[in-house]
Protein chains: 2
Amino acid sequence: MGRKAHFHNSDFLDAAIQIIAEGGPGALTIAALAVRIHAPVGSVYHRFPSRDALLAEVWLGIIESFQDDFIRKLEEDGLAATLACLHWVRQHPAEARILLLHRMQDLTTGRWPPELQKRARRLEKDLHEAVIAFIKREFGKVTPENTDRAIFALYDAPLGIIRRYLSNSQVPPATVADLLRETYNAVMPKAKSR
Amino acid sequence: MGRKAHFHNSDFLDAAIQIIAEGGPGALTIAALAVRIHAPVGSVYHRFPSRDALLAEVWLGIIESFQDDFIRKLEEDGLAATLACLHWVRQHPAEARILLLHRMQDLTTGRWPPELQKRARRLEKDLHEAVIAFIKREFGKVTPENTDRAIFALYDAPLGIIRRYLSNSQVPPATVADLLRETYNAVMPKAKSR
DNA sequence: GCAGTATTGGAGCAATCGCTCTAAGATGTC
DNA sequence: GACATCTTAGAGCGATTGCTCCAATACTGC
C-alpha cells in the first residue's frame, strides 16, 4: 500500500498554528513550516493543495474548537457561554491569538476549496441558530437591538478584554471573570438569568 | 529652489489608509500605492525611506487622531471618553478599520526610524498618564484590578463591539451607546460618575 | 524478488515585491 | 541662458515566496 507516512496532517496544522501565533500570518511560509517539523516542502503540498487551503483548515479547526465549547454552554446558560470564552482562551493560547488577533480575510487570499466552504457555512449556521434560540429564550423575541445586546454580552465584551491580554502575550487572569459577570448582568434582562 | 512638488506627503498617507482599510496590510504594495495616486514609485521613496517607515507614519497618525479625542474627554469624564471611541470611529471609518482590525506588529516588520520611535513613546506616555490620573480620580488608588476595570469600561468594551461592525464593513449604529453606558455604569464605581 | 503505490526529498521555476539608480523635467537665482 | 536644486519618472535588480516536478525511498501484496 505504499510507503508509510512519516508525518500526519495534524503535524502540519499544529506547526502552522504555532508559527502564526508566534510571528503572525506573514511568518507562515511553506519553507518555515517545512523546516519546523523537518519535512520537505513536497510533503506539504502532498497533503494540502495550497497555502490558502492549509490556512483555511487551520482557521476552521480553531473556529470549530471554540464554537463547540461556546454553543454547548450557550444552550444551557448565557453567562456560562460568556465565561466559556475566557476558559477556552486560557486552554488554547496559540489558537486564541490567531482567532482574536487576526481575521480570516487577512490569512487567506484566494478562494476556498468547496469542501471547506461547506464546513464554514455549517459552522456559521450552527452559531447563528444557537444564538437566535438563546435570544428568543432570554428576550422573548428577536429584534436588532436584542441581538446586539446578546452578542455584546456573550461575545464582544469577553473577546474585547481578552484581546488586550493576548496582544501583550499574556493569558487573561481569572479576575476578568468578575468584569464579564457584571457586564452580563447589567446588559441582559434580569428575569431568567440565574 | 527646484521643481515644484506635484504630490504631498499626505497624498501618500491618505491613499495608504484607504488601501489598507479596503484590502488589509497585504494590499499596500508600493506599486499599488503609486498607481492609486498616479505617482511613480520613485516619488514614494523620495518622501519615505521605506515601506515600514510609511506604515509607521500611517499608524502613528491614526493613533494620534484617536488618542487626541480620547484623552481630552477622559480628562473630564470617563463615560464621555467611552462614547468618544464610538464617535471617533463613526467619523473616521477607514482609520478605525486599521486601528481595530490590525496590529502594528503585523503592519511593520523592521525597526522604526528613531524620530518615529520617539513619537510613539510620547503617545504611550500621554495615554498612560491620562489613564492613571483617571483611575486615581475614580477609584482613589491604582491597583491591577482597578486598572483592568477602567480599561475595560473605557476601551475594551467599546472597541470590542465596534470591531464586529467594522469587520462586516458597517459603521456601528447609535444604539451601541446605550450598551456602553450600561456597561460603564455597571463596572465603574457609582459615586463620582455623573 | 518484483511490481505497484504512497510518500519523502529537494532542486528550481515563475511571479511578486521592496527598493535602487539614473535620466529627464520643472522651478528659482544670478 | 547657465547653473543648481528639487522632484518626477520608471526601468530593472536582488531577494523572497508559493508551487511544480521528478527522482529516490519504503512499504504491501504476490
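Atom set for the values below is all heavy atoms of this structure, side chains included, hydrogens, waters and symmetry mates excluded. Chain identifiers are assigned alphabetically (A, B, ...) following the order of the sequence lines, protein sequences preceding nucleic acid strands; residue numbering begins at 1 within each chain.
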- Scan side-chain atoms only and decide if A:Thr175 and B:Asp148 contain a donor-acceptor pair under the 3.5 Å cut-off.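 No, no side-chain donor-acceptor pair sits under 3.5 Å.
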- Message: For the residue pair A:Asp156 / B:Tyr165, report whether a side-chain donor-acceptor contact shorter than 3.5 Å exists.
- Response: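 No.
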Calculate the interatomic distance between [X] atom [atom1] and [N] atom [atom2]; express it in whole Å.
| X | N | atom1 | atom2 | answer |
| --- | --- | --- | --- | --- |
| A:His8 | C:dA6 | NE2 | P | 17 Å |
| A:Asn9 | C:dT7 | CG | C1' | 13 Å |
| B:Lys4 | D:dT8 | NZ | P | 13 Å |
| A:Asp52 | D:dT17 | CG | P | 16 Å |
| B:Leu54 | C:dC19 | CG | P | 10 Å |
| B:Phe48 | C:dC17 | CZ | P | 20 Å |
| B:His6 | C:dT27 | NE2 | P | 11 Å |
| A:Arg51 | D:dT17 | CZ | P | 10 Å |

Could you check if a side-chain atom of [X] sits within less than 4.5 angstrom of a side-chain atom of [Y], using non-hydrogen atoms only?
| X | Y | answer |
| --- | --- | --- |
| B:Phe152 | B:Tyr184 | no |
| B:Arg163 | A:Arg103 | no |
| B:Gln18 | B:Glu22 | yes |
| B:Phe70 | B:Leu127 | yes |
| B:Glu95 | B:Trp88 | yes |
| A:Lys125 | A:Arg121 | no |
| B:Leu86 | B:Pro158 | no |
| A:Phe134 | A:Leu154 | yes |

Would you list the protein and nucleotides 23-25 of chain C atom pairs, both N or O, that sit under 3.5 Å from each other?
residue	atom	partner	partner atom	Å
C:dG25	N3	B:Arg3	NH1	3.3

- Query: Could you give the angle between the helix axes at the two ends of the helix from C:dG1-D:dC30 to C:dC30-D:dG1, with five pairs per end, rounded to 10 degrees?
  - Reply: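 Inter-axis angle at the ends, rounded: 0°.
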- Message: Whether A:His46 contacts C:dT7 is assessed here as follows: a side-chain N or O lying under 4.0 Å from the phosphate OP1 or OP2. Is that the case?
- Response: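 For A:His46, the contact criterion (side-chain N or O under 4.0 Å from OP1 or OP2 of C:dT7) is met.
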- Within the structure shown, what part of the strands sits under 4.0 Å from B:Leu28 by heavy-atom distance: base, sugar-phosphate, or nothing?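 The residue B:Leu28 makes sugar-phosphate contact but no base contact.
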- Return the 5'-most residue of the pair A:Phe7, B:Gly26 with respect to DNA chain C, ranking by each residue's nearest nucleotide.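 The residue whose closest nucleotide sits nearer the 5' end is A:Phe7.
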- Message: Which residues in residues 29-43 of chain A have a heavy atom closer than 4.0 Å to any atom of DNA chain C?
- Response: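 Residues of residues 29-43 of chain A under 4.0 Å from DNA chain C: A:Pro40, A:Val41, A:Gly42, A:Ser43.
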- Query: What are the two closest heavy atoms between A:Val187 and A:Ala153, and how far apart are they?
  - Reply: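 For A:Val187 and A:Ala153, the tightest heavy-atom pair comes out as CG1-CB, 4.3 Å.
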- Message: Checking contacts here: which listed nucleotide (D:dT7, C:dT20, D:dC27) is nearest the side-chain heavy atoms of B:Ala5?
- Response: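 So the nucleotide nearest the side chain must be D:dT7.
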- Task: Applying side-chain contact (heavy atoms from CB on, under 4.5 Å), run through A:Ser169 and A:Arg97 and close with a yes or a no.
- Result: CA-CA 9 Å; A:Ser169 299; A:Arg97 281 183 67 86; 3.4 Å; yes
